[in-house]
Structures are given as structure tokens and as C-alpha cells.
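Let me begin by presenting the structure, written as C-alpha cells, before commenting on it.
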Amino acid sequence: MNDFETLKQEVLVCEKCPLSQTRNNVVFGNGNPNAEIMLIAEGPGYYEDKSGIVFQGKSGELLDKILTASGFSRDEHIFISNIVKCRPPDNRQPNDTEKAACLPYLYQQIELVNPKIIILLGATALKELIDPNARITQIRGQWIDWKDRLVMPTYHPSALLRNPTLKRPVWEDFKNVVAKYRELVNPEHYSAHC
Ligand code: URA
């Protein structure tokens with residue numbers, strides 16, 4: 001298996017699917033490569049494609065608020081990545097060919113980061129990794145045992161921007177993650193809000 005840096009260099013020049021032709025930047029993923037928590041979302045949007053960094057713009061701001069309230073920082077506690085590493089034009093959902101081409105990179109990232117906890121942000125990540133028939137509305141908030149890791153599916157921050165009533169369930173899910181993090185990783189983990 002690649003080491004983290006070798007994998008990153010490979011992904012940054014990837015041309016395995018047509019998204020490579022329209023991207024400005026590959027969005028490999030950001031955070032601590034040794035984190036115990038990994039967040040997985042769908043794919044880069046406009047601001048991520050411009051900057052090469054995951055979760056910029058309004059959904060990034062909202063995600064940062066949730067992480068800060070949980071006592072997690074992007075640099076220390078988490079690594080964030082996406083199902084596809086290049087922006088689908090017009091922010092459409094990635095198609096099956098694009099997801100299939102990119103997924104081996106995500107699997108390698110998961111092995112290399114080796115997190116105890118994985119948070120799936122939204123339906124695309126849930127369906128791609130766990131079960132194509134799973135429904136985020138039904139399954140969010142429930143721990144799933146997956147390849148010796150604990151997975152918590154929750155709503156994507158963009159869904160919260162569209163529908164603020166989803167903020168409360170997402171906060172419940174993150175409180176659950178904080179409790180699990182204290183149990184598995186650091187009993188002293190500090191969060192001002194839970
Ligand atoms: N939405 C995603 O799914 N991923 C990002 O990196 C940013 C927005």
C-alpha cells in the first residue's frame with residue numbers, strides 16, 4: 001500500500017475519470033492524517049475546486065461551527081475527505097463511473113488514517129460505503145459497525161443550510177460522537193457544549 005504522501009501525489013495528478021478534465025484543483029482531503037475521526041462527504045463544490053481544500057464556503061462555515069462546538073479542530077482531531085476528489089460540473093451528484101474510479105483512493109485513505117470513528121455526511125457517502133438502499137433519514141444517528149470501525153451517518157451540512165430544522169438531529173449525532181470519542185480515545189476530551 002502507498003504511504004499517505006505517495007497516495008496524495010498520485011491523486012493530485014489523477015486522470016481516471018472525466019472530472020479531471022473540468023477540475024481546477026483536486027481536493028484530496030484535509031486535516032490530521034493520524035486523526036481518530038474521519039469525515040466523509042460527497043465531493044468538492046465551487047469553492048473547494050477553486051482552493052483545493054475541503055469544505056470551504058457556507059457549508060464549510062457551518063461544519064466548522066459544529067466541530068468547534070464538539071471540541072474538535074480540523075487540524076488535530078479529524079481528517080475530512082469526499083467520495084470523489086474532483087468537482088462534478090454544476091454541483092451535480094457524481095455518477096457511477098466517477099464514484100467507481102475514485103473510491104479506491106478513499107479506501108486507501110481510510111486504511112492509512114485508520115480512524116476509530118467515521119462520520120458520513122449525507123446520503124451519497126452513506127449509500128456508497130454502507131448500502132445503496134440505505135436512507136439517510138432512517139439511518140442517521142445510529143452507529144454502524146463497519147470493517148472494525150464505528151460509523152455514524154448524519155445529514156450533510158448543505159442539507160442543514162436548506163432545512164435548518166435538521167440542525168438539531170445533527171447536533172444530537174455529534175453529541176453521540178463526542179461521547180464515543182471520550183469512551184474510545186480520550187476521556188478528558190473537552191467540549192464547551194456537551
Ligand atoms: N460538500 C462536500 O460534499 N464536500 C466538500 O468538500 C464540500 C462541500
Side-chain angles (χ1 to χ4, degrees), residues 4 7-8 11-12 14 17-20 22-33 35 37-68 70 72-75 77-110 112-113 115 117-130 132 134-137 139-140 151-164 166-167 169-171 173-174 177:
F4 200 77
L7 175 65
K8 184 171 178 180
V11 176
L12 290 182
C14 176
C17 89
L19 295 183
S20 60
T22 49
R23 74 181 177 223
N24 286 299
N25 283 293
V26 174
V27 182
F28 175 73
N30 300 92
N32 177 359
I37 304 176
M38 191 160 164
L39 270 72
I40 300 172
E42 178 176 300
Y46 176 84
Y47 293 103
E48 293 77 24
D49 175 62
K50 279 250 178 277
S51 64
I53 300 169
V54 285
F55 275 103
Q56 304 292 291
K58 285 206 183 322
S59 62
E61 272 171 35
L62 181 53
L63 179 62
D64 283 341
K65 273 191 193 161
I66 299 168
L67 293 173
T68 302
S70 309
F72 297 135
S73 84
R74 286 200 191 207
D75 293 339
H77 302 90
I78 58 172
F79 186 80
I80 313 178
S81 194
N82 284 304
I83 297 289
V84 295
K85 312 296 193 238
C86 297
R87 181 191 183 210
D90 304 320
N91 291 347
R92 64 163 169 75
Q93 291 190 343
N95 65 33
D96 288 346
T97 312
E98 295 153 0
K99 287 186 286 190
C102 217
L103 212 53
Y105 294 140
L106 180 65
Y107 281 124
Q108 287 187 67
Q109 287 179 315
I110 294 170
L112 289 164
V113 175
I117 296 168
I118 295 178
I119 303 173
L120 300 178
L121 297 173
T124 300
L126 172 68
K127 286 174 186 284
E128 205 52 39
L129 291 188
I130 305 295
R135 302 221 166 183
I136 190 74
T137 47
I139 220 168
R140 67 136 275 277
V151 171
M152 171 59 72
T154 192
Y155 295 117
H156 192 288
S158 309
L160 275 55
L161 292 171
R162 289 192 299 269
N163 179 1
L166 301 180
K167 285 184 182 174
V170 168
W171 180 235
D173 299 345
F174 270 83
V177 170

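Whatever order the structure lists ligands and atoms in, that order sets their numbers, starting from 1.
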Protein heavy atom at shortest distance from atom 8 (C) of ligand 1: F55 CE2, 3.7 Å
Sub-4.5 Å side-chain heavy-atom contact between L7 and F28: yes
Protein heavy-atom partner closest to atom 3 (O) of ligand 1 - residue, atom, separation in Å: H156 NE2, 2.8 Å
Parallel, tilted or perpendicular: rings of F55 and H156 (30°, 60°): tilted
Candidate with minimal heavy-atom separation from atom 5 (C) of ligand 1, of P157, G45, G43, S158: G43
Shortest protein heavy-atom distance from atom 4 (N) of ligand 1, along with the residue and atom involved: N82 OD1, 2.8 Å
4.5 Å side-chain heavy-atom contact, Q56 and E48: yes
Which segment of E48 sits under 4.0 Å of ligand 1 when only heavy atoms are counted: side chain
For the student: nearest non-hydrogen atoms of I110 and M38, plus distance: CG1-CE, 3.9 Å
pair I66-F72: side-chain heavy atoms closer than 4.5 Å: no
